[in-house]
Amino acid sequence: MGAGDGRATSGRAGHPRRSSSTSAVQVADLYRVDWAKPVRPMPSRKRGALALAMLARRTCPKCHVIYGYRLPASLGMSILCACPDGQRAA
């Protein structure tokens, strides 16, 4: 079973188990591409809700600045608000 028997497969899980007689790596097919169903399109309301959630993760609750990256959850605010005097670790 696998790509060697003519079927289109994807999603292989490799397990580097080697025996003393051969040096081949054993793999398992997780699913077959030809059996896969098409992905359902995301509804517009869900897409909007995810966009708002990602915007909230990029907005600092203290200074209300929107950054181009997700703010660290450990700080709960932007790095500039957490360390205003510039004592950031390099």
Side-chain angles (χ1 to χ4, degrees):
M1 296 182 98
D5 62 359
R7 291 182 295 172
T9 58
S10 183
R12 292 184 168 239
H15 204 282
R17 191 181 312 159
R18 297 176 189 253
S19 63
S20 60
S21 62
T22 179
S23 62
V25 176
Q26 296 177 355
V27 296
D29 296 327
L30 299 178
Y31 59 90
R32 288 183 46 182
V33 175
D34 55 341
W35 287 0
K37 294 181 181 179
V39 178
R40 287 189 317 197
M42 186 181 301
S44 62
R45 289 188 181 241
K46 185 174 183 180
R47 186 181 311 275
L50 288 174
L52 286 175
M54 293 306 294
L55 180 66
R57 294 177 79 179
R58 296 185 299 123
T59 305
C60 178
K62 189 172 181 181
C63 64
H64 303 288
V65 174
I66 299 172
Y67 292 91
Y69 55 90
R70 185 184 61 84
L71 299 177
S74 61
L75 297 177
M77 62 184 76
S78 67
I79 297 172
L80 296 175
C81 290
C83 303
D85 54 347
Q87 296 178 354
R88 289 176 285 199

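Everything numeric here is computed off the predicted structure, so don't read it as measured data. Scope of the values below: all heavy atoms of this structure, side chains included, with no hydrogens, waters or symmetry mates.
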Can you give each donor-acceptor pair under 3.5 Å made by side-chain atoms of residues 57-65, sequence neighbours left out, with the distance rounded to 0.1 Å?
from  : atom 1 : to    : atom 2 : distance (Å)
Arg58 : NH1    : Tyr67 : O      : 3.0
Thr59 : OG1    : Leu55 : O      : 2.7

Determine all donor-acceptor pairs shorter than 3.5 Å in which one atom belongs to a side chain in residues 36-50; sequence neighbours excluded.
none

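Here Met77 is tied to no hydrophobic group at all, with no ILVMFWY side chain closer than 4.5 Å.
To the nearest 0.5 angstrom, Leu75 atom CG is 10.0 Å from Cys81 atom SG.
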